[in-house]
2 protein chains.
Amino acid sequence: MRRLPPLNALRAFEAAARHLSFARAADELSVTPGAVSQQIKLLEDTVGTPLFVRDPRGLQLTEAGAAALPSLRDGFDRLAAGTRLMTERGGPRRVVVSAAPSFASKWLVPRLDGFQAAHPDIDVYVHADMQLVDFASGEADLAIRFGRGEYEDLETQLLMAERIVPVCAPALLRGDPPLKAPSDLAHHTLLHDDGRTEDGPSWAMWLAAAGAQEVEGTRGPRFNQSSMAIEAAVAGKGVALAKYALAEADLIAARLVIPFDLTTPTEFSYWIVHPEAKAALPEVAAFKGWLLSQVSPEQGPA
Amino acid sequence: MRRLPPLNALRAFEAAARHLSFARAADELSVTPGAVSQQIKLLEDTVGTPLFVRDPRGLQLTEAGAAALPSLRDGFDRLAAGTRLMTERGGPRRVVVSAAPSFASKWLVPRLDGFQAAHPDIDVYVHADMQLVDFASGEADLAIRFGRGEYEDLETQLLMAERIVPVCAPALLRGDPPLKAPSDLAHHTLLHDDGRTEDGPSWAMWLAAAGAQEVEGTRGPRFNQSSMAIEAAVAGKGVALAKYALAEADLIAARLVIPFDLTTPTEFSYWIVHPEAKAALPEVAAFKGWLLSQVSPEQGPA
DNA sequence: CATCACGATTAGGAATCCTAACCCTGTCTG
DNA sequence: CAGACAGGGTTAGGATTCCTAATCGTGATG
C-alpha cells in the first residue's frame with residue numbers, strides 16, 4: 001500500500017526546493033512564508049530527515065531532499081496533467097509552445113495556420129524566449145530548442161538538423177562589385193548574428209572553410225537575434241550567415257538567395273522537448289505530431 | 001504556473017477510481033466513505049465536470065474521469081517514490097518482487113544469495129502470486145511475469161525467452177521399459193502442468209510434434225503449479241513437460257535429464273515489469289540490473 | 001551601524017476535513 | 001415478497017489542519 005506524507009507538505013517542499021526559497025515558494029502557493037516553513041518542518045518530522053540546510057543567506061537541499069525532488073516534481077506535473085484532462089473536456093484546448101524568438105517568428109509562426117486548420121479546436125500560444133525556463137514554472141507545455149538534445153528530465157525528440165548558409169538579397173549578386181566568389185565578400189558588408197556563441201559558426205570560421213582568409217571577418221553590424229540579421233539581409237544591407245531553417249521562407253520567396261553554395265553543417269539540431277508528464281495531454285501530442293509532419297510530411301514519429 | 005485542485009480530493013478520486021468503490025477507497029485511505037464522497041464532490045465542483053456515474057449498484061467512470069486516471073495514478077506513484085527516496089536514506093532498503101510461485105521457487109530464490117552478496121544493504125521480499133495484482137495497491141516494486149510483454153501503463157523489459165522441454169529422473173532412462181524414443185512414453189506416466197493454458201504447450205501438442213501420435217497424451221496426474229510437476233519428475237514419478245528456466249537447476253544438478261532433445265519454443269517470455277515511477281528508486285534499479293546480469297553475465301541493460 | 005533579506009517561531013483564528021447518523025435504491029435470500 | 005444487505009448521498013457539528021500576523025535572530029549590504 002502506497003503511503004504518502006501530508007500532500008500539502010509535499011507540495012510546499014517541491015515548490016521551495018525548486019525555488020530554493022521559502023519566500024518565493026510561498027508566493028507561488030499564495031501563502032505566507034511562515035506557512036511554507038511550517039509545512040516543511042512537518043514534512044521533515046514525518047520522514048525523519050532534514051530536507052534543507054538553512055544557511056542564514058539562503059537554502060540548500062540536503063542529499064535526501066535533492067534525491068527526492070525530481071520524482072516529486074514529475075509527480076506533481078502528472079497530477080497537473082491529469083487535472084487538465086478532466087477540466088478541459090470540451091472546453092477550449094490550448095498548447096503553450098516555447099521557442100527561441102527567431103525560430104518562432106521565422107519558422108514556427110509562418111506554419112501555424114496549417115496547425116490551426118488541422119486542429120481548429122486547439123489554440124496555440126507561442127512563447128518566445130531566449131532560454132528554456134518555462135517548464136519549471138509550468139508555463140509551457142512544449143518547447144522547440146536548438147542544441148545537442150541534452151535536456152535533463154525532459155522527453156526529447158529530434159525535429160530536424162540544421163546547417164549554416166550565407167544569404168543576401170538577390171540584387172547583391174549583380175551589385176557593385178558583383179558577388180561571384182567568396183573573396184568578393186571583402187567589398188561587402190557582413191551581417192553578424194551575435195547570439196550565444198554555441199549557436200553556430202561565425203563568419204571567421206566560414207571564410208576559413210571557404211578559403212577566403214584574406215577577407216576580414218569581424219567587420220559589420222551585429223545583431224543579438226538571428227532574425228534581425230536575416231531581415232537586414234532581405235533589406236539589402238549585406239550578407240548574413242543564417243540558419244537554413246530561418247532563412248528558408250525568404251529563400252523560397254526569392255527575397256534572399258544563397259550566393260555561394262558552401263553550407264556548414266552544425267553539431268546542433270532542433271529538438272522537441274517537454275516534461276514527460278505532458279505527453280498525456282492530447283493537444284500536446286497533436287502539436288508534436290504536427291511539428292514532425294512539417295519535417296517529413298508523409299510520416300509522423302516512429 | 002501549475003494549478004492544482006485540492007490534493008486530498010485528487011487522492012480520494014484516484015483511490016475511488018482505482019477501486020470503483022467509495023467504500024474500498026475509504027478503507028484504503030483510512031477514512032469513512034462519507035469523507036470520500038465529500039472529497040469527490042469537491043473535486044467535481046472544482047473541475048466542473050462529473051467524474052463518476054453513480055449507478056445504484058456501483059460506480060462507473062465518466063469519460064473525463066477515465067481520461068485523467070492514468071496520469072493521476074502515475075503522479076501519486078511518483079510522489080510515493082520521491083517520498084521513499086527521502087525517507088529511507090541510510091535506513092534499511094528493500095525491494096518487493098512479485099513473481100509466479102514456480103518461477104520464484106525454482107529460478108529466483110536459488111539465485112537470490114547472489115543479489116544479497118552484491119547488495120548487502122538491500123533486503124528482497126519475494127511475493128509469489130498467480131496474477132499481477134500488486135501494482136495497483138502499491139505493494140510490489142517490481143514483477144517478473146511470463147507472457148507477451150503487453151502490460152499497460154507499466155515499464156517492460158525482456159528478461160529472457162523460454163522453451164519447453166521434457167524432463168524426467170535419470171533412472172527412468174534405463175527404466176522398464178527404457179526411454180529411448182518418444183513412442184516409449186506410452187508406457188510411462190506423463191506429468192501435466194495444468195496451470196493457465198496460455199502458459200505453454202501441452203503433452204498433446206508435444207507428442208504431435210514428436211511424431212508419437214499413438215501415445216495417449218491426457219493420462220497422468222495434473223498439477224496446478226509447474227514446480228510441483230517438476231518435483232514429481234525429480235522424484236521419479238514420471239515425465240514432465242517443463243519450462244527450461246524452472247528445470248535448469250535440477251538439470252544442472254543431474255536430478256533431471258532431458259530424455260529427448262525436442263524442445264518446443266514458446267511465444268511467451270519472461271519480462272521485468274514495474275510502474276515507471278519505480279525506476280527512480282535505486283534499490284529497484286539495482287535489482288533490475290542484477291536480474292539482467294543473471295541472464296547475460298557480462299552485460300546489463302542497454 | 002542601520003537596513004534589508006531571509007528564515008524560525010508562536011498564538012489564535014480560518015478553513016478544511018472527517019465522523020456519525022440517517023436516507024435512498026437496487027439486489028440478494030429465505 | 002419481506003427483510004437484510006450493500007452501495008452511495010447528505011448533513012451537522014466537532015476535530016484537525018492550515019494559515020496569518022506579529023516578533024525574533026542572523027548575516028549581508030551600503
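We name chains A, B, ... by the order of the sequence lines, and we start the count at 1 in each one. Values reported hereafter were calculated over all heavy atoms of this structure, with side chains retained and with hydrogens, waters and symmetry mates removed.
A cation-pi arrangement is not found for Arg145(A) relative to Tyr151(A), the charged atom failing to lie both closer than 6.0 Å to the ring centre and inside a 45° cone about the ring normal.
The distance from atom CD1 of Ile40(B) to atom C1' of dG8(D) is 11 Å, rounded to the nearest whole Å. Between the P atom of dT20(D) and the CZ atom of Phe22(A) lies a distance of 15 Å, rounded to the nearest Å. Following rounding to the nearest Å, Gln39(B) (CD) and dG9(D) (P) show an atom-to-atom distance of 13 Å. The distance between atom CG of Leu29(B) and atom P of dT19(C), rounded to the nearest whole Å, is 10 Å. Between the CD atom of Gln60(B) and the P atom of dG8(D) there is a distance of 13 Å, rounded to whole Å. Residue Leu20(A) contributes atom CG, which lies 19 Å from atom P of dA5(C) at whole-angstrom precision. Atom pair Asp55(B):CG and dC24(C):P shows a separation of 20 Å (rounding to whole Å applied). The CZ atom of Arg11(B) sits 12 Å away from the C1' atom of dC17(C) (whole-angstrom rounding).
Within the 4.0 Å cut-off from OP1 or OP2 of dG8(D), at least one side-chain nitrogen or oxygen of Ser21(B) is found. Remark: Thr32(A) is not in phosphate contact with dC19(D), judged by side-chain N or O atoms under 4.0 Å from OP1 or OP2. The shortest distance between the side-chain N/O atoms of Arg54(A) and the OP1/OP2 oxygens of dA8(C) is below 4.0 Å.
Annotation: Gln116(A), atom CD; neighbour count of heavy atoms from other residues, nucleotides and ligands within 6.0 Å is above 12.
With DNA chain C read from its 5' end, the first of the two nearest nucleotides for Asn8(A) and Ser37(A) is the one closest to Ser37(A). Residue Arg24(B) is the one, among Pro33(B) and Arg24(B), whose nearest nucleotide of DNA chain D lies closer to the 5' end (criterion: closest heavy atom).
The aromatic ring centres of Phe287(B) and Phe115(B) sit less than 6.0 Å apart.
Comparing dT20(D), dC18(D), dT11(D) by their closest approach to the side chain of Gln38(B) singles out dT11(D).
Put simply, the side chain of Trp271(A) gets close to the backbone of Gly147(A): a donor and an acceptor are under 3.5 Å apart. In this structure, the side chain of Gln225(B) does not engage the main chain of Ser102(B) through any donor-acceptor pair within 3.5 Å.
Using a 4.0 Å heavy-atom cutoff across all strands shown, Ala35(A) reaches at least one base atom of the nucleic acid.
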